[in-house]
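Reviewing the structure listed below.
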Amino acid sequence: MRKQKILVIGLFIIAFMWIMHTLSKNFMVDPNFEKFLKKKDEIISNPTVWAVMLRIHIVLAVIALLTGPVGMMKGLRNKRLLFHRYNGRIYILSIVFNFIPGIYVSLFATGGWLSTIGFFILNTLWLITTVLGYKFIKRKDIVRHSQWITRSFFLSFANTIIYIIVAVTHNGLNLSYGFAYTIAVWLSWIINLTIAEIVIKKKSLA
């Protein structure tokens with residue numbers, strides 16, 4: 001139980017730091033996404049719509065990253081069940097409403113159609129795992145609810161993994177930015193789901 005608590009606290013700290021980084025970069029340092037647009041392989045036909053959808057995508061992802069770790073805190077869940085339920089509803093809705101903006105911005109992903117397909121899979125898995133988590137808690141199946149929400153929770157960190165992999169492969173290994181980004185997109189959901197399965201297995205053994 002102590003290891004689980006340390007894991008949740010660690011993920012909460014990572015989520016908070018990533019949120020601060022994302023908000024400052026996209027809403028203060030580069031609010032018009034000029035640096036981001038320069039890395040695109042093709043010109044976006046309607047940059048205004050793209051920017052609006054990207055901002056919605058970012059804000060909803062931030063909400064998921066804020067509410068996700070809170071929902072994983074067992075002590076808070078046991079003592080404040082009503083708060084846990086409302087926090088969970090906000091988490092679920094932030095992901096459900098993020099599906100369309102996520103798919104839209106994926107159409108213009110750096111790296112071309114391979115990145116787009118990778119993002120399609122990521123967004124679909126994020127939505128499905130979240131909806132299944134909600135479905136099982138409505139059936140009062142706490143075990144399977146916990147398993148699916150754990151998968152959803154780790155997929156919420158996909159963008160963090162993408163950033164790390166791009167930094168390593170592009171800056172460290174000198175791969176082209178587009179190729180590094182494509183690799184990162186695919187590895188983000190593969191790595192995160194693998195970690196989720198390890199956590200689920202350890203919890204079931206415990």
Side-chain angles (χ1 to χ4, degrees), residues 14-15 17-66 68 91-131 151-196:
I14 292 170
M17 292 175 65
W18 182 251
I19 288 167
M20 293 298 101
H21 166 76
T22 302
L23 292 178
S24 62
K25 183 183 74 172
N26 295 302
F27 291 92
M28 296 173 66
V29 178
D30 188 21
N32 297 318
F33 306 107
E34 293 176 1
K35 292 180 180 178
F36 193 43
L37 285 169
K38 287 179 181 178
K39 295 176 181 179
K40 292 291 179 185
D41 300 322
E42 57 186 48
I43 298 173
I44 296 173
S45 57
N46 196 327
T48 302
V49 174
W50 174 84
V52 170
M53 295 297 275
L54 182 59
R55 288 190 182 100
I56 294 171
H57 177 61
I58 292 170
V59 170
L60 290 173
V62 164
I63 293 172
L65 276 176
L66 279 172
Y91 172 79
I92 289 166
L93 289 174
S94 69
I95 295 170
V96 171
F97 289 147
N98 208 352
F99 184 71
I100 297 301
I103 291 296
Y104 180 85
V105 296
S106 297
L107 296 172
F108 308 97
T110 302
W113 64 271
L114 276 175
S115 289
T116 296
I117 293 172
F119 271 124
F120 275 9
I121 295 171
L122 169 60
N123 281 291
T124 303
L125 287 172
W126 199 21
L127 178 66
I128 290 172
T129 54
T130 305
V131 170
R151 294 180 181 109
S152 168
F153 174 68
F154 277 96
L155 286 173
S156 301
F157 286 86
N159 198 41
T160 309
I161 296 297
I162 289 173
Y163 187 86
I164 294 170
I165 294 174
V166 169
V168 172
T169 54
H170 175 59
N171 299 325
L173 301 178
N174 294 319
L175 297 180
S176 68
Y177 186 82
F179 184 51
Y181 197 84
T182 301
I183 292 173
V185 171
W186 283 82
L187 287 180
S188 65
W189 56 267
I190 293 171
I191 290 173
N192 285 17
L193 280 181
T194 301
I195 295 172

Least distance between heavy atoms, [X] atom then [Y] atom:
{"X": "A180", "Y": "V166", "result": "O-CG2, 4.0 Å"}
{"X": "S106", "Y": "T116", "result": "O-OG1, 2.8 Å"}
{"X": "T194", "Y": "I190", "result": "OG1-O, 2.7 Å"}
{"X": "H57", "Y": "G102", "result": "ND1-CA, 3.7 Å"}
{"X": "F119", "Y": "A109", "result": "CD1-CB, 3.7 Å"}
{"X": "W126", "Y": "A64", "result": "CZ2-CB, 4.0 Å"}

Can you tell me how far the [atom1] atom of [X] sits from the [atom2] atom of [Y], to the nearest 0.5 Å?
{"X": "I128", "Y": "F99", "atom1": "CD1", "atom2": "CZ", "value": "8.0 Å"}
{"X": "L125", "Y": "W189", "atom1": "CG", "atom2": "CH2", "value": "6.5 Å"}
{"X": "F120", "Y": "I103", "atom1": "CZ", "atom2": "CD1", "value": "5.0 Å"}
{"X": "N192", "Y": "T160", "atom1": "CG", "atom2": "OG1", "value": "8.0 Å"}
{"X": "N98", "Y": "L127", "atom1": "CG", "atom2": "CG", "value": "10.0 Å"}
{"X": "I121", "Y": "S188", "atom1": "CD1", "atom2": "OG", "value": "10.0 Å"}

Suppose we screen for side chain to side chain contact (heavy atoms under 4.5 Å, CB included). Which residues come up paired with [X], at least two apart in sequence or across chains?
{"X": "I100", "result": "M53"}
{"X": "S176", "result": "F179"}
{"X": "L187", "result": "I165, I183, I191"}
{"X": "T182", "result": "L114, S115, W186"}

Steps toward side chain to side chain contact (heavy atoms under 4.5 Å, CB included) verdict (F157, L65)
CA-CA 8 Å; F157 286 86; L65 276 176; 4.0 Å; yes
Just grab all the salt bridge (Lys or Arg N to Asp or Glu O under 4.0 Å) pairs involving residues 151-172, residues at least two apart or on different chains.
R151-E197
Would you say the side chain of I95 lies within less than 4.5 Å of the side chain of L60, judging by non-hydrogen atoms?
no
Do the side chains of L193 and F154 get nearer than 4.5 Å, heavy atoms only?
no
Would you check if the side chain of T110 reaches a backbone N or O of G178 as a donor-acceptor pair within less than 3.5 Å?
no
Should the ring pair H170 and Y177 be called parallel, tilted or perpendicular, given that the plane angle runs from 0 to 90° and is split at 30 and 60?
perpendicular
Applying ring pair (Phe, Tyr, Trp, His ring centres under 6.0 Å), name anything that partners Y104, two or more places apart in sequence or on another chain.
F108
